[in-house]
Amino acid sequence: MANFYIFPLLLEARSDHFYEGNEYIKYLSHRIHGLRKSLHITQRGGKPKSSVDKRYAEILLFNADRAFQQFVFLRSSQRRHALRRLKRADQFGKELVSFTNAFDCNDHIFYLEAIAFAKYIEGTLNYEKRDWEGSLSAFSISRLSFLVLQNKIDTLAEHEKSVLGELQNQIDSNLRYVAQRTGLQNQTKSLDILMLSSIPKDEEVIQHVNSVDSEILQMTGDEQDSLQTITVIEWRDQRVKIEHPDVVLALYAIHDVKNSPGTIDSKRDRLLAAWARAEEITKSVLDNTGLEDEQKFQTLSICYTYLAYNVVLLRIQRDLAVENDSELVASQAQLRSRQSLYDSIIKNIEIAKELPGIARDTGMTAQLEAQISLAKSKRCQAIADAYQAQDKLASLAMCVRAASYLQQVNDILRNFEEKPHLIAFDIIPELKKDEKELKKKILLLQSLASMGNINQPPKNLSLVETLDSYQTLAELEPSWNLTDADIRAIPAKPLFFDLAITYLGQQTSFDKKKAQPEKPVTSVSKEPKQKNKGFFSSLLGR
Amino acid sequence: MSNHEEEIEELAQRIGKIEVGDTKSDIYQKVLNLIDIERYEHALKIIEKYLGETDAVYERAYCAFQLGKEDFSLEDKQFLQHLQAQKAYRLSDFSKALKIYEHLENDLPEQRADIRVNMLAAASQLPGLQLNNAVSLDDQDSVFNLATRYLTIGDWNQAIELLSSSLEKLENSDSNSEDHKSQINLCRLQLFFAYLQAGDNEKASKESLKISKDCLDETSQAIFVNNLISMSIDNPYISFRDLHGTNLEKALSSLLASQKKQFIRNLALLDMAVGKQRSVRKEKKRNPEESIYFSTILLREETKSLISPKKLPGYLENLFKSDSDNIVVALLLMQHKISNGNFRGALSIYQKLRTSLEASQSLSVLYSPGLVGLGDALHYKIQSTGFKSQLLHEAANYWRKQQSCEAKLLLCTRSLLAHLDERAPVSTIQDDMSVIDDLLQWKGPISELVSCKVAALCYLDKEIESGMDKYLVPTKDLITGIDVDDIEIRGVPVSAAIGPIKRSVEANSSNSSKKTRKRRKPTPKSFNPKATPDPQRWIPKRDRTNVKIKSKGKSMQGGVA
């Protein structure tokens, strides 16, 4: 990271050494001790306990993080002890902020890093103490700092992205929850507006943010209008408005993830988690809702179908994205991976078909069936690619099966009037593309298999009998007969008619010249033949 | 000359004798009779001597054609096409014959049925050709030719089924003419052959007993005796007598090229069986294209009779050293090494032979399809991973520069397919395609060449003409017998884990070798297995009833003074 100091340390520690249980806490203790030794501040009783070196910030950071992790470790069993550790973490965080401000008041990045972490801990402390106003303010400052720093980060490793993503996600979810607790007006605000409105104007962090990125403070309420539609769900031809607070909160969480900084690929997992959580919350609410309130039940049912469908959709898209990122070399392992992908897609779409409200929806059912057939066709094509090198007939059979699945897709879509949805595949262009490629592949395999079927050398013949035929190892190997010859049977000739002979014997009229008879043979012509006979011929009687 | 030939000659002399007072019509009839007994030269002489130039023009052309003369002229193109088709068929140029008959079929609708029989006869010798028209199963001649085609492509069961049904229909008919009997026996002869090829010698033997030899023509009689000998050759001298009792000269002159070659080989083997090596040597000089075959059987007989089995490899190696470009010696030596499982030794012999043939510029022999296939097979046997058909590509490069021939057709097509499997560059495939185009011009659109071209065009992602797919084997026929559902369920195949199994076996063997065997204690010499053991043998000796313990005496040495 460019010009960053605190975040690399924190991300490195959490990503590389975050072990199970309290092992991370032990690691931090060892590291803090090492830092103290290096700064010569280990002794007590008259010895200095602080240092002006920049590395002292590491000690404060890890002290705060260690205390925070102890809070996380203890909060399920010893709440009061956990709160004391959290308070201690907050104290260390404040000391960190003071140190950064005293070290270099012009290093805004350094200050923002410290304030982001410290305010996150303070917000958690206020959250635990049910101080919603204080928690809202602290989380807002932390989120603002993170947003400013987010624009300054050039590159991150994958594991560092996940750690930072968890922090951001936790801050966003906490902020949304706290906003809900503070009132309905805050609940319907976007996170950005909520964040800016919760930060006091005289806060010191505003000055640092203005120095780094003043535009981020100029966020307006343009996004506020789009928030009104978050709670309005359109599923097929039905439009419902969700009013249940838990479901509304879940929907806002989805929106927050969508609008969070980063690319679609980087926040895909977070988005899927948000959708899955919303589905789970809706299902639990739906289960607790009785049939007395039919309108509410109907609304929640539609919402649940919408959420569950989108979960399946995102899961499929995630699988496709992961598969597309992998190498394109058509190895056996890669083909098995492709097959697994298509199996997963088929399974997910089968789950979507069984969702309430979809089974009776003929249009949606037809689309899903078409998607399943297309996925099966692609699966067969993957199997055909695997068999192409070793068994061309099996490969051809799989291609023919894939073509039959494509025919099923065509049959389903022939009577389909509405525009197909983009589920796993954009079905119409994908269908055209697959049909073209599959036709060519079938023709290629048919020609290759035809070659294998044509002019096969006779079996059980030796090499000297088939020198004019090319025999492969598969044909030579059973016997390896090179020179053993035997009397072979011969088939009868095929029936072949002499059709030219049918033209003979058709003449009925001849020239008028008379036929001359053959002269009689005289005895003189026989004498030269007798003279040519030799002694042995005459002796043998020839 | 045999007696049969003498009788025919006497008959020809009698028929061809022109009497005083014979009219031209009578002479014309005599000419037709001479043509019936295939005395074309005599008939042609009579036509030229006694008939005018405008008389018997078809008969004149027909006799000239049968005698191999090309100086006749005739305006009837269809008659000439018939003659050309017959010539092509006789010379085993079946694709050309088919092409001519395709034109005649459209021009002569009244002869369509007979033309289709002839087309099917030519198609039966072209296994790669797809039959466009459906064959009528009511026409017994077409059914016979279709069964012959199935025999050519190796589909024995289908051929047996067709021939059996045809034979049943023929036997159920009421006709009792000589032609009908001949047709029945010809069908049985083909069924006899089909059973032999299918490996069912019992049914073949039963079918052979039903065949009436006298109802067959001379060529079929020779084939029948040959097939009987191939089934079992108990006494070679009797077999020799039986086969030479038929009209071999007539049979050899009327058989197809491939059948004639096999027949000559069979005759040579039979001569070797009765000890007539001199006849085989004469035949070797007469047929130089079969010299490798004749040399092989001669050398095998020589080594079998002169050399003991132990000295055979040394003898062959000495022969090969002295004459390293001798294919026959090399093949025998390779056969011996392969029989002992020494594939590396066989490959070494092959490479030496290859070097010698290259030095002697015998490239057409070196790059013959059989030798190329053998070399690639040996290389693949030794080096299975990363194997490429190097010899095949070298042979294809050699034949590419030669004139079109069967070897070029066979190897260049295989080389193209190998390049496709190896994912060769586009330029290589395009070069191969140019060779395929040359072969297409020479041979015509046979399935083998069209399949290669279609495969190459698909690989190059180019447009394919609409009429090309009819030359391919139908997809339904190709995937018949394949369990598609099973393949789909199993998915992408996984290679078997051979290594761990071998390692586990080795581990077990190593463990077993480390174990020390416990030595059994030797059996006492007084042990008698038949004797009943003492029932009190495990009771302490002092407590046994059958043991008397000696008591200590009371007397003691030294008394009290």
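Please read all numbers here as calculations on a predicted model, not as lab measurements. Chain letters run A, B, ... following the sequence lines, proteins first, then strands; residues in each count from 1.
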Which region of B/Met231, side chain (C-beta onward) or backbone (N, CA, C, O), has a non-hydrogen atom less than 4.5 Å from a non-hydrogen atom of chain A, or is it both or neither? neither

Contact between A/Thr483 and B/Leu299 at the side-chain level, heavy atoms closer than 4.5 Å - yes or no? no

Evaluate the ring planes of A/Phe496 and B/Tyr89, with Trp represented by its six-membered ring, and classify them as parallel (under 30°), tilted (30 to 60°) or perpendicular (over 60°). parallel

CG (B/Leu196) and CD1 (A/Ile490) are apart, to the nearest 0.5 Å, by 11.5 Å

What is the distance from atom CG of A/Leu482 to atom CD1 of B/Ile338, rounded to the nearest 0.5 Å? 4.5 Å

Residue, of B/Gln262, B/Gln81, B/Gln259, that accumulates the most heavy atom pairs under 4.5 Å with chain A: B/Gln259

Just give me the residue among B/Ser339, B/Gly373, B/Pro369 that pairs up with chain A most often, heavy atom to heavy atom, under 4.5 Å. B/Pro369

Determine the option with the most heavy-atom pairs under 4.5 angstrom with chain A, choosing from B/Ser258, B/Ser254, B/Cys452, B/Ala268. B/Ser254

Spacing of B/Ile487 atom CD1 and A/Ser395 atom OG [to the nearest 0.5 Å]: 9.5 Å

Kindly say whether A/Ala489 contributes a backbone atom to a donor-acceptor pair with the side chain of B/Asn227 at under 3.5 angstrom? no

Return yes if some donor-acceptor pair links the side-chain N/O of B/Gln335 with the main-chain N/O of A/Trp480 below 3.5 Å, else return no. yes

Could you look at B/Leu411 and say if it's the side chain, the backbone, both or neither that has a heavy atom under 4.5 Å from chain A? side chain

Against chain A, label B/Leu331 side chain, backbone, both or neither, depending on which of its atoms sit under 4.5 Å from a heavy atom there. both

Look at the side chain of B/Arg265 and the backbone N and O of A/Glu465, then say whether any donor-acceptor pair between them is shorter than 3.5 Å. yes

Atom of A/Ser469, atom of B/Leu410 and distance for their closest heavy-atom approach: CA-CD2, 3.6 Å

May I ask you to name which of B/Ile479, B/Asn266, B/Thr148 has the most heavy-atom pairs under 4.5 Å with chain A? B/Asn266

Rounding to 0.5 Å, atoms CD1 (B/Ile292) and CG (A/Leu463) come to a distance of 9.0 Å

Does any part of the side chain of A/Pro491, heavy atoms only, come nearer than 4.5 Å to the side chain of B/Thr152, both counted from C-beta? no

Could you have a look at B/Gln197, B/Glu488, B/Gln190 and say which one has the most heavy-atom pairs with chain A under 4.5 angstrom? B/Glu488

Between atom NZ of A/Lys441 and atom SG of B/Cys458, what is the distance when rounded to the nearest 0.5 Å? 11.5 Å

Kindly give the heavy-atom pair with the smallest separation between B/Ser230 and A/Ile487, and that separation in Å. CB-O, 3.5 Å

A/Tyr470 OH to B/Leu371 CG distance, which is reported to the nearest 0.5 Å: 12.0 Å

Do A/Arg379 side-chain atoms and B/Gly491 backbone N/O form a donor-acceptor pair below 3.5 Å? no

Chain B interface, residue from A/Leu443, A/Asn481, A/Ile383, A/Leu495 that has the most non-hydrogen pairs under 4.5 Å: A/Leu495

So for A/Gln339, is it side chain, backbone, both, or neither that comes closer than 4.5 Å to the heavy atoms of chain B? side chain

Top residue by heavy-atom pair count (under 4.5 Å) with chain A, among B/Ile297, B/Leu392, B/Asp483, B/Val31? B/Leu392

